[in-house]
A.B. asks: 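Please find one structure pasted underneath; my questions will follow.
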Amino acid sequence: MHESIVPLHRRSTNNMVNWNDPSVLYKDYLALIKLDHAIAGIYIWETVFTAGFELDVLRGKQPYRWTIWVYLGTRYTALLTFILTLIGENGGKVSCAPFIIADTVLMCSSWAFASLIIVLRVIAIWNRQRIVSFLSVCLWLAGVASVIHTLTTVKALYNPNQDTCTLLDVRNYLSNPVVGLVVDMVLLMSMLIGLLRYAYRSSTGIWCLLYQQCIIWIALANLASVPAVVFVALNLNDAWNAMFVHLAIAVLSIGAARLYRSLCRYGSITEYVLLKDI
């Protein structure tokens with residue numbers, strides 16, 4: 001009986017996954033590359049099929065506002081992020097490190113622009129109340145400062161086993177997704193509280209109002225950030241650490257861009273705008 005127990009114990013130990021085993025890493029990196037390609041395809045499709053808004057601004061069909069540059073920054077830094085990601089993941093031995101560093105900088109810039117759109121919306125919903133405006137801007141600046149600090153430690157290397165560029169020690173950048181999630185969650189709650197203050201003045205239902213204001217997209221962006229934070233915290237391996245980071249950026253960028261476009265249909269993004277019954 002004792003002899004039968006030992007093999008079972010050894011068998012259970014042997015069945016534990018070694019996440020840093022080369023064969024496991026290879027499969028995980030393949031999964032990461034496939035996921036990134038799918039996300040990049042969806043984001044590029046979204047960018048192309050919604051580019052009419054930018055064209056309308058150029059043609060004068062949409063009024064020019066200075067905030068259009070924040071909107072363009074959100075969309076096109078994310079687009080460049082995915083383009084560089086595709087280049088790096090499809091065999092980029094030459095100048096690999098600059099590719100990944102540029103990709104990371106663009107990705108963080110996209111988050112900063114997208115979060116700034118949300119900050120502007122919070123300020124608008126609260127009718128430019130000074131305390132809300134001050135706290136929102138300070139929160140955003142704190143997030144940007146954290147990102148800039150982390151970017152100074154970015155390191156990348158060409159991985160011959162997977163024939164791709166790899167960001168080294170992804171777990172060292174855990175503060176980025178955590179800070180981003182905290183900032184966006186606080187801003188989302190500020191938007192919700194601001195909208196709820198005025199929701200019952202309109203015959204439009206609260207869920208319809210949230211949909212009209214594209215709050216649902218921002219909520220989805222926050223949910224998409226949770227897996228990225230969880231897997232970076234688990235630190236299974238570098239592939240899993242980076243698995244859902246681009247997904248979070250894509251959803252946040254799309255959501256913030258849709259929020260901006262919806263506001264421009266009804267009024268200035270820097271003015272207090274509450275959708276009327278439609």
Side-chain angles (χ1 to χ4, degrees), residues 36-90 99 102-125 128 140 144 180 184 187-188 191 195 204 208-222 224 245-278:
D36 281 347
H37 278 61
I39 296 171
I42 293 172
Y43 188 84
I44 291 171
W45 179 87
E46 165 77 12
T47 303
V48 171
F49 282 89
T50 57
F53 179 81
E54 290 97 307
L55 295 176
D56 286 343
V57 174
L58 289 174
R59 295 169 183 168
K61 294 182 180 180
Q62 286 282 350
Y64 171 81
R65 302 179 180 89
W66 68 267
T67 49
I68 188 65
W69 296 105
V70 182
Y71 169 81
L72 293 175
T74 301
R75 276 165 64 84
Y76 292 103
T77 52
L79 180 62
L80 289 174
T81 295
F82 289 114
I83 291 174
L84 288 182
T85 297
L86 295 178
I87 293 173
E89 290 181 345
N90 284 280
F99 264 121
D103 175 81
T104 306
V105 170
L106 287 169
M107 181 171 58
C108 294
S109 299
S110 178
W111 170 82
F113 282 121
S115 294
L116 182 55
I117 289 179
I118 302 174
V119 168
L120 293 173
R121 187 59 190 137
V122 170
I123 293 173
I125 288 175
R128 300 186 184 183
W140 178 78
V144 172
D184 292 337
L187 292 175
L188 174 63
M191 294 173 71
L195 284 175
T204 303
C208 184
L209 182 64
L210 293 178
Y211 173 78
Q212 291 167 349
Q213 294 280 316
C214 289
I215 304 300
I216 294 176
W217 272 101
I218 305 303
L220 286 175
N222 281 274
V245 173
H246 286 107
L247 173 64
I249 289 297
V251 178
L252 178 61
S253 298
I254 292 173
R258 286 177 176 263
L259 172 63
Y260 183 90
R261 291 195 299 271
S262 71
L263 293 175
C264 288
R265 295 193 195 102
Y266 303 105
S268 171
I269 196 170
T270 55
E271 298 173 358
Y272 170 71
V273 179
L274 184 65
L275 297 184
K276 296 184 178 179
D277 299 337
I278 56 172

A.B. asks: Atom CG of D56 and atom CZ of R261: how far apart are they, to the nearest 0.5 Å?
C.D. replies: 11.0 Å
A.B. asks: Looking just at side-chain N and O atoms, do Y71 and R65 make a donor-acceptor pair shorter than 3.5 Å?
C.D. replies: no
A.B. asks: Let me confirm one number: the OG1-CH2 distance from T50 to W45, rounded to the nearest 0.5 Å.
C.D. replies: 8.5 Å
A.B. asks: How long is the gap from OG1 on T81 to CD1 on I39, to the nearest 0.5 Å?
C.D. replies: 12.5 Å
A.B. asks: Supply the atom-to-atom distance I42 CD1 to E46 CD, rounded to the nearest 0.5 angstrom.
C.D. replies: 10.0 Å
A.B. asks: Does any part of the side chain of V48, heavy atoms only, come nearer than 4.5 Å to the side chain of I44, both counted from C-beta?
C.D. replies: yes
A.B. asks: D103 versus H246: any side-chain heavy-atom pair under 4.5 Å?
C.D. replies: yes
A.B. asks: Donor-acceptor pair, Y43 side chain versus L247 backbone, under 3.5 Å?
C.D. replies: no
A.B. asks: Might you point out which heavy atoms bring L187 and S115 nearest each other, and give the distance in Å?
C.D. replies: CD1-O, 3.9 Å
A.B. asks: S110 side chain to T74 main-chain N or O, any donor-acceptor pair under 3.5 Å?
C.D. replies: yes
A.B. asks: Is the closest side-chain heavy-atom distance between L106 and F82 below 4.5 Å?
C.D. replies: no
A.B. asks: Would you call L188 and I118 a side-chain contact if the rule is heavy atoms closer than 4.5 Å?
C.D. replies: no
A.B. asks: Measure the spacing between CD1 of I254 and CD1 of I249 and express it to the nearest 0.5 Å.
C.D. replies: 11.5 Å
A.B. asks: Side chains of W111 and T77, heavy atoms from C-beta outward: is any pair under 4.5 Å?
C.D. replies: no
A.B. asks: So do T47 and Y76 actually touch side chain to side chain, heavy atoms under 4.5 Å?
C.D. replies: yes
A.B. asks: Please round to the nearest 0.5 Å and tell me the distance separating atom OG1 of T67 and atom OH of Y260.
C.D. replies: 3.0 Å
